[in-house]
Amino acid sequence: MLKIYNTLAREKQVFTPINAGKVSMYVCGMTVYDYCHLGHARVMVVFDMVSRWLHASAYVVNYVRNITDIDDKIIQRANDNKESIAQLTERFIQAMNEDAAKLGVIPPDIEPKATDFVGGMITMIASLIEKGYAYAADNGDVFYAVNHFAGYGKLSGKSIEDLRAGERVEVDSNKRDPMDFVLWKSVKPNEPSWDSPWGKGRPGWHIECSAMSSHHLGEHFDIHGGGQDLQFPHHENEIAQSEAAHSHDGKPCQMVNYWMHNGFVRVDDEKMSKSLGNFFTIRTVLEKYDAEVVRFFILRAHYRSPLNYSDQHLDDAKSALTRLYTALRAYPVIDTEINWQHPQAAQFKLAMDDDFNTPEAMAVLFDLANDVNKTKSLASATLLKNLAGVLGLLGRNASEFLQGTIASSSLQQATEPTLDSRSIDGKILQRAAAKTAKNFAEADRIRQELADAGIILEDSALGTNWRRA
RNA sequence: GGCGCGAUAGCAAAGCGGUUAUGCCGCGGCCUGCAAAGCCGUUUAGACCAGUUCGACUCUGGUUCGCGCCUCCA
């Protein structure tokens, strides 16, 4: 029985889908004006994991993750770069897809772009005006009248009064209330625009998610996710827009049953963010670390906990993942159905059903690795690989991981020359001959020579294995 | 200022009112020509102060410290 921590309720709740056996999930994706950083990696990996677990739990999942391809920063960046907005966003959508693929993120079922939904947004704004939740100002902007929506603040736990007290924003004189937020921005020079009943302009940020989620998942759907920083104002405003626009006879229509928010990636105990400038892009990190190590690192913490980034932590993650792959090295494991009755599989399931407790689920993986090493059980090795597969881990051949270089990544610039496997095998043969001749000094010299090149040898009864440090 | 989250061993990170989390690192042993890997064992815990309880890292209250949101942000 799956339990999910629901931000709306501030507690874990048993997950009951609106339609039995089906899950509709919407996640706020990226604004594509730059490369994705590790914080974006976390959202993608976390909700990929959620979607995989729902699949593994036999749900039919409809997973939507949007792409914001029109906003202030995009316009500015395109201007700075002297390229068109379409060129800029296309470039970074492409980059995002490459990064996601490397991290083992399965593409969502639908990835709608905001610019493809302006018509739907206009319809929704018109409906909000008609129902009295929004108003057009004299300058052509359209605002949402926050105090007309009774439930405002229910997600973030804020009250309109508290928000007013903490008011830090420049008051826009076109607003009737400082708390009102913009649904439609009137056109400004050198900015793209669309025709609307309120004149040329472009949509505000929040309305796109309301329009896209209802178009693809309906007025009422199961799960809505995103980073913790979107809780307010973005998600709060989405609720206000959707529930008001879809209201019938003045009664709001519940938009989402379960709201999920993942914790931040931090650097030196501070939130990693563009504004602080302390971010690492995914591709920068992948120059140094295998993408699966990064995925492992993300999933090793619970999705709601803060996740501190440092090289030391990634080194640690790499060692841990190496242990798992090492356990699988000698076994011809294949993908099979998981028998959830098996004690360790059941333990894994229990952990995952408890609000996606991946750290605890991973402990089961290490337990299985110990079994494999101790008992040489092919069954345990198979279960290990298949359970890890549910998390999108251990998908490669062990040797591919242990002997591969991150240089195989297309992003990797040529680093110091590394030995190819053929010459390594040659050295191993030379060393074997020296060992047979009891010339241990020579054997050790060869081993050291390889060690200096980052190749670690491991003798076993069946021969010598090697892996990259 | 308002609202919220957190504090676990050298590092990272979970569960749990009483019984080994787990990984990395360290130490000892086995194995090995020697290593490495692996196996076995093992040292370091639960910010602080009270309270509830037969018993609290786990529940309650307070203190201190850290972080986040309240403005674009995953």
Side-chain angles (χ1 to χ4, degrees), chain A residues 7 10 27-31 36-47 65 68 71-73 153 156-159 161-170 179 181 205 225-234 236 261-266 269-276 279 296-297 300-302 304-308 310 312-324 326-327 329-330 347 350-351 354 357-367 369-370 372-376 402 435 438-441 443-444 447-448 451 456-461 464-467 469:
Chain A
T7 308
R10 264 158 275 275
V27 171
C28 287
M30 261 52 75
T31 301
C36 291
H37 64 231
L38 238 28
H40 301 117
R42 192 174 193 189
V43 186
M44 291 196 281
V45 168
V46 161
F47 287 101
R65 191 186 63 207
T68 299
D71 100 315
D72 293 357
K73 287 179 176 173
S156 56
K158 298 179 188 304
S159 70
E161 291 71 46
D162 291 344
L163 288 166
R164 286 217 180 83
E167 182 63 56
R168 290 199 267 147
V169 203
E170 288 267 329
M179 288 297 105
F181 60 90
W205 174 34
Q228 230 160 39
D229 47 1
L230 297 185
Q231 207 177 110
F232 188 90
H234 185 54
E236 194 69 65
H261 293 96
N262 65 275
F264 296 129
V265 175
R266 297 180 180 180
D269 288 316
E270 261 192 336
K271 176 185 172 182
M272 177 182 289
S273 75
K274 298 234 170 140
S275 30
L276 286 170
F279 62 90
F296 181 91
F297 165 71
R300 196 163 59 138
H302 184 84
R304 285 189 281 114
S305 304
L307 178 62
N308 245 79
S310 75
Q312 191 207 330
H313 295 155
L314 283 192
D315 288 340
D316 186 318
K318 183 188 175 184
S319 301
L321 186 57
T322 298
R323 173 172 167 79
L324 257 21
T326 302
R329 180 163 54 181
Q347 210 184 330
L350 219 53
D354 183 15
N357 193 335
T358 52
E360 205 182 327
M362 280 190 180
V364 176
L365 263 30
F366 286 96
D367 199 40
N370 184 252
V372 173
N373 291 330
K374 211 178 344 190
T375 67
K376 316 282 182 230
L402 297 169
K435 280 175 66 176
K438 303 275 186 219
N439 185 352
F440 295 120
D444 291 350
R447 185 169 62 197
Q448 187 56 46
I456 295 167
L457 297 190
E458 292 166 5
D459 292 339
S460 79
T464 299
N465 286 312
W466 65 272
R467 65 186 165 92

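Residue numbers start from 1 in every chain, and the chains themselves are labelled A, B, ... in the order their sequence lines are given, proteins ahead of strands.
When the C1' atom of G68(B) is taken as reference, atom CD of Gln228(A) falls 7 Å away, rounded to whole Å. In this entry the distance linking CD of Glu236(A) with P of C69(B) reads 16 Å, nearest Å. A straight line from CD of Gln312(A) to P of G26(B) spans 13 Å, rounded to a whole angstrom. Protein atom CG of Leu307(A) is 15 Å distant from nucleotide atom C1' of G6(B), rounded to whole Å. Note: CD (Gln347(A)) to C1' (C16(B)) measures 13 Å, nearest angstrom. The CG-P distance, from Asn308(A) to G66(B), rounds to 15 Å in whole Å. Between the CZ atom of Phe47(A) and the C1' atom of A74(B) there is a distance of 9 Å, given to the nearest Å. Distance CG (Asp316(A)) to P (G23(B)): 11 Å, rounded to an integer number of Å.
Comparing A37(B), C70(B), A14(B) by their nearest atom to the side chain of Glu360(A) picks out A14(B). You'll find that the side chain of His37(A) is closest to A74(B), out of G33(B), A74(B), G23(B). Listed nucleotides C69(B), A14(B), G33(B) differ in distance to Phe232(A); the shortest reach to its side chain belongs to C69(B). The nucleotide whose nearest atom lies closest to any side-chain atom of Phe264(A) is, among G68(B), G23(B), A36(B), G68(B). Checking C34(B), C72(B), G33(B) against the side-chain heavy atoms of Lys73(A) singles out C72(B) as nearest. Which of G33(B), A14(B), A36(B) sits closest to the side chain of Ser305(A) comes down to A14(B). Distance from the side chain of Asp444(A) is smallest to G33(B) among A14(B), G33(B), A74(B). Residue Asn262(A) places its side chain closer to A74(B) than to any other of C40(B), A36(B), A74(B). Ranking G2(B), G23(B), A14(B) by closeness to the Asp162(A) side chain, first place goes to G2(B). Checking C34(B), G68(B), G38(B) against the side-chain heavy atoms of Arg447(A) singles out C34(B) as nearest.
Nearer to the 5' terminus of RNA chain B, by closest-nucleotide assignment, is the contact made by Ala301(A) (compared with the other of Ala301(A) and Asp459(A)). Toward the 5' end of RNA chain B, the nearer of the two residues Ala369(A) and Asp354(A), judged by each one's closest nucleotide, is Asp354(A).
Within 4.0 Å (heavy atoms only), Arg10(A) reaches no atom of the nucleic acid at all. Looking at heavy-atom distances under 4.0 Å, Gly263(A) makes contact with a base. Arg304(A) comes within 4.0 angstrom of nothing in the nucleic acid, heavy atoms only. Across all strands shown, Asp269(A) has heavy atoms under 4.0 Å from sugar-phosphate atoms exclusively, and none from any base. Using a 4.0 Å heavy-atom cutoff across all strands shown, Lys438(A) reaches no nucleic acid atom at all. Counting non-hydrogen atoms under 4.0 angstrom, Phe366(A) reaches the backbone sugars and phosphates but no base. Nucleic acid contact for Lys435(A): base, since at least one base atom lies under 4.0 Å from a heavy atom of the residue. Backbone-only contact: Gly227(A) has heavy atoms under 4.0 Å from sugar-phosphate atoms and none from a base. Heavy atoms of Val46(A) sit nowhere under 4.0 angstrom from any nucleic acid atom. At the heavy-atom level, Thr326(A) lies under 4.0 Å from the strands shown only through sugar-phosphate atoms. Met272(A) comes within contact range of at least one nucleobase, with a heavy-atom separation under 4.0 Å. Counting non-hydrogen atoms under 4.0 angstrom, Ser319(A) reaches the backbone sugars and phosphates but no base. Heavy atoms of Leu457(A) sit under 4.0 angstrom from at least one base atom. Nucleic acid contact class of Ala363(A) (heavy atoms, under 4.0 Å, all strands): base.
Without hydrogens or angle criteria, His37(A) side chain to Lys274(A) main chain gives no donor-acceptor distance under 3.5 Å. In terms of modelled atom types and a separation under 3.5 Å, the side chain of Asn357(A) and the main chain of Glu360(A) share a donor-acceptor contact. When atom types are taken as modelled, the side chain of Asp316(A) and the backbone of Gln312(A) share no donor-acceptor pair closer than 3.5 angstrom.
Under the Watson-Crick and G-U wobble criteria, each requiring two contacts below 3.5 Å, nucleotide A35(B) is left unpaired. Pairing for U63(B) is with A47(B), a Watson-Crick or G-U wobble pair whose two hydrogen-bonding atom distances lie under 3.5 Å. With both pairing distances under 3.5 Å, U52(B) is matched to nothing as a Watson-Crick or G-U wobble pair. Nucleotide C57(B) forms no Watson-Crick or G-U wobble pair with any nucleotide shown, as no partner meets the under 3.5 Å limit on both distances. In this entry G68(B) has C3(B) as its Watson-Crick or G-U wobble partner, both defining distances falling under 3.5 Å. In this structure U20(B) sits in no base pair that meets the Watson-Crick or G-U test at under 3.5 Å. Remark: U8(B) base-pairs with no nucleotide in the shown strands. Criterion, Watson-Crick or G-U wobble with two distances under 3.5 Å.
A donor atom on one side chain and an acceptor atom on the other are not found under 3.5 Å apart for His302(A) and Ser305(A).
At the phosphate of C39(B), OP1 or OP2 sits under 4.0 Å from a side-chain N or O atom of Asn373(A). For Arg323(A) and G38(B), the shortest distance from a side-chain N or O to OP1 or OP2 is below 4.0 Å. Taking only side-chain nitrogens and oxygens, Asn370(A) never comes nearer than 4.0 Å to OP1 or OP2 of G23(B). At C40(B), one or more side-chain N or O atoms of Lys374(A) fall inside 4.0 Å of OP1 or OP2 (strictly under the cut-off). Arg300(A) has no side-chain polar atom (N or O) that falls below the 4.0 Å cut-off from OP1 or OP2 of A13(B).
The two residues Lys435(A) and Ala443(A) make their nearest non-hydrogen contact at CG-CB, 3.7 Å. Summarising the geometry of Val372(A) relative to Ala327(A), their closest heavy-atom pair is CG1-O, 3.3 Å, with the distance given to 0.1 Å. In terms of heavy atoms, Gln228(A) sits closest to His261(A) at CA-CB, 4.0 Å. Residues Phe232(A) and Ser156(A) approach most closely at CD1-OG, 3.3 Å, considering heavy atoms.
Side-chain atoms of Arg266(A) stay outside donor-acceptor range of the base of C67(B), with no qualifying N/O pair under 3.5 Å. Put simply, the side chain of Arg42(A) and the base of A74(B) share no donor and acceptor less than 3.5 Å apart. The base of C72(B) is not paired with the side chain of Lys274(A) by any donor and acceptor separated by under 3.5 Å.
Residue-environment remark: NZ (Lys271(A)) exceeds the threshold of 12 foreign heavy atoms within 6.0 Å.
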Evaluate the criterion salt bridge (charged side-chain N to carboxylate O under 4.0 Å, His left out) for residue pair Asp315(A) and Lys318(A); output intermediate values, then yes/no.
CA-CA 5 Å; Asp315(A) 288 340; Lys318(A) 183 188 175 184; over 6 Å; no
